[in-house]
Amino acid sequence: MSSDRNYEREFVRTFFTSPTAVGGENSAKMLQSAAQLRGMQAPDTWIPDNEDATAPSMRDEGVQNLVEVVSEHGAEFPGEIHPRVVWHRDDPTTRYEGFKQMLEITDPENGAVEHIDGFVIPEVGDLDDWKKADEFLTIIENEHGLDEGSLSMSVIIESGEAELAMSDLRAEKGKPSNNLERLFLLVDGQVDYTKDMRAMTPTGELPAWAELRHNTSRGASAADCIAVDGPYDDIRDVEGYRERMVENRAMGMTGIWALTPGQVVTANEAPLPPKTGSWLLELDDDEIELDDEDGRQVYDGDELSLEQVSDDSYVLRVDGEELECDGEELHEELLDLTTYVPSMDDIVDSMEEFEAAKEAGKGAIAMTQATTLVIDDVEVDIAKDRMWDEATYQAAMTPVALFQDVYEHRPDQHDALEEMYGADIVERAMAVGTDD
């Protein structure tokens, strides 16, 4: 199997769905609105949804709306466009309907196909089912005179069959008998997955399905695809949405479904390195961001207290436990309780410093982070050293590579990124890690 991806983007932050037809005088109004999104409000991938988001009775009209809107606005839309069509692993009639939808959307005489990047196939089953969709796309490309493989295919993991299929994907992708190299996104669909698994919770809410998200991220990594989490349907719970994305990124899944333009903005911004660094205090499984006051990190809470008894004697109280310690012991205790979230500037500074050291023949260097903690008006200077070697450098490159990918493929976000970080940091971030 080739390890080269069949598309340009290495990261996708946002997967935004819009119904292709809605009730009312203008059934295409949701498509028209989405097609004109720009900047941080515009998703990396826009999914005109002719499946679940559109009533079955309106799907034929939805196809025509899609063709008309994409023909008119597709050239200016800053993200990729991947319509979602109907499909089902157990229903050949539904699969045929999906084929006809794709055939109509990609007809060159309709004027939309030049702006269509691929299709999203829902409700897939085992890999034989994936290959059926792949074969339909190959037929469509040949029927319309398109380059074979020019249309990407993304699938939604909504069944146990599809989840298990990801384990076999690496071995199957690239065989002469299929064109699965066209695969782009592996997207979790937790609603139908929950139904397929016959899962129940006391409240009726969706399970978190952390294992599914991990398996999708792993499957995407092994098969050179991109993993995307499913919809977070409590659209008012912005903090919960952010926390979900933090969990996802820790398992290698950057992208997430967005149901509203507000979620698009949040999902576009959240994976990027922060503008400013911050110190966190970890207490009883909680992470508390310290207040920065003139370069000092101030804790104002009840879970931690500090008393200075003499020049080198302290009493530290954590969650009701009392510890008597000298200055060195206090320093070590506080180091264990604190962590630092680096800013974009911090990351770029460290990478530049390591690149210079490597150029000078050094394989590893120590980086120091230092600050002054203030607890109950007692000031304590802390400093921690971290060894940087090539592996550390490559790990730090991941958020920078994400930024570079966004900057390269989303010129409509350049102004927002320069406003966020400053032009100098943007320029330096685009330069690090690019030497052969």
Side-chain angles (χ1 to χ4, degrees), residues 1 3 5 7 9-15 17 44-45 47 89 120-127 129-130 153-173 180 183-201 203 205-234 237 239-259 263 266-267 270-272 285 287 339 341 391 394-399 401-402 405:
M1 185 194 77
S3 61
R5 287 189 167 96
Y7 43 82
R9 296 216 63 153
E10 294 187 28
F11 297 89
V12 165
R13 297 164 295 169
T14 37
F15 180 95
T17 52
D44 289 340
T45 55
I47 319 300
R89 57 194 174 276
V120 175
I121 311 298
E123 296 283 6
V124 292
D126 60 20
L127 276 185
D129 189 49
W130 301 30
M153 182 174 85
S154 302
V155 297
I156 305 184
I157 309 301
E158 299 177 274
S159 65
E161 286 179 79
E163 183 180 14
L164 292 173
M166 291 188 290
S167 298
D168 301 323
L169 181 58
R170 179 176 175 83
E172 290 292 326
K173 187 179 175 185
L180 287 174
L183 279 168
F184 178 41
L185 305 176
L186 304 182
V187 185
D188 285 338
Q190 285 92 334
V191 176
D192 283 299
Y193 181 84
T194 298
K195 178 182 68 176
D196 182 74
M197 298 293 287
R198 295 186 239 181
M200 296 180 286
T201 63
T203 63
E205 294 180 343
L206 291 178
W209 293 122
E211 297 88 351
L212 173 64
R213 289 181 280 146
H214 167 75
N215 290 341
T216 302
S217 182
R218 181 182 62 179
S221 176
D224 293 315
C225 299
I226 294 175
V228 174
D229 189 16
Y232 190 88
D233 56 3
D234 188 348
D237 184 10
E239 189 56 38
Y241 192 55
R242 289 182 181 277
E243 290 176 2
R244 178 66 164 248
M245 286 185 282
V246 170
E247 293 175 7
N248 288 343
R249 291 196 297 275
M251 61 180 77
M253 180 182 280
T254 301
I256 190 169
W257 205 305
L259 297 172
Q263 284 190 335
T266 300
L272 296 170
D285 296 327
E287 289 186 340
T339 188
V341 179
Q394 293 299 331
M397 187 63 208
T398 298
L402 165 65
D405 188 76

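- At a threshold of 4.0 Å, the pair Asp234-Arg244 does not count as salt-bridged, since none of the basic side-chain nitrogens sits closer than that to a carboxylate oxygen.
- Residues Met166 and Glu163 meet the side-chain proximity criterion, which asks for heavy atoms closer than 4.5 Å.
- Taking CE from Met253 and CD from Glu247, the interatomic distance works out to 11.5 Å, rounded to the nearest 0.5 Å.
- Side chains of Arg13 and Leu402 form a contact here, defined as non-hydrogen atoms less than 4.5 Å apart.
- Checked by atom type and distance alone, the side chain of Asp44 never pairs as donor or acceptor with a backbone atom of Val12 at under 3.5 Å.
- How far OG1 of Thr266 is from CD of Glu239: 10.0 Å, rounded to the nearest 0.5 Å.
- With rounding to the nearest 0.5 angstrom, the NZ atom of Lys173 is 14.5 Å from the CG atom of Asp168.
- Between atom CD of residue Gln190 and atom CG of residue Asp233 there is a gap of 9.5 Å, rounded to the nearest 0.5 Å.
- Within the 3.5 Å criterion, the main-chain N or O of Glu123 finds a donor-acceptor partner in the side chain of Arg89.
- Side-chain N or O atoms of Asp196 include one that pairs as donor or acceptor with a backbone N or O of Gly160 at under 3.5 Å.
- Looking only at side-chain heavy atoms (C-beta outward), Leu164 and Asp126 stay at 4.5 Å or farther from each other.
- For Asp188, the side-chain hydrogen bond (donor to acceptor under 3.5 Å, both in side chains) partners at least two apart in sequence or on another chain are Thr216.
- Note that the CD1 atom of Ile47 and the OG1 atom of Thr17 stand 7.5 Å from one another [nearest 0.5 Å].
- Remark: side-chain polar atoms of Ser221 are not paired, donor with acceptor, to backbone N or O of Ser217 under 3.5 angstrom.
- Judged by distance alone, with hydrogens and angles left aside, the side-chain atoms of Gln263 form a donor-acceptor pair with the main-chain N or O of Leu259 at under 3.5 Å.
- Here the side chains of Val120 and Leu185 are not in contact, with every heavy-atom distance at 4.5 Å or above.
- Within the 3.5 Å criterion, the main-chain N or O of Arg218 finds no donor-acceptor partner in the side chain of Asn215.
- Shortest non-hydrogen contact noted between Ile121 and Met153 is CG1-CG, 3.8 Å.
- Proximity of Asp229 to Trp257: side-chain heavy atoms (C-beta onward) are nowhere separated by under 4.5 Å.
- Between the side chain of Thr45 and the main chain of Thr14, a donor-acceptor pair closer than 3.5 Å is present.
- The aromatic rings of Tyr241 and Tyr232 are tilted relative to each other, their planes meeting at an angle between 30° and 60°.
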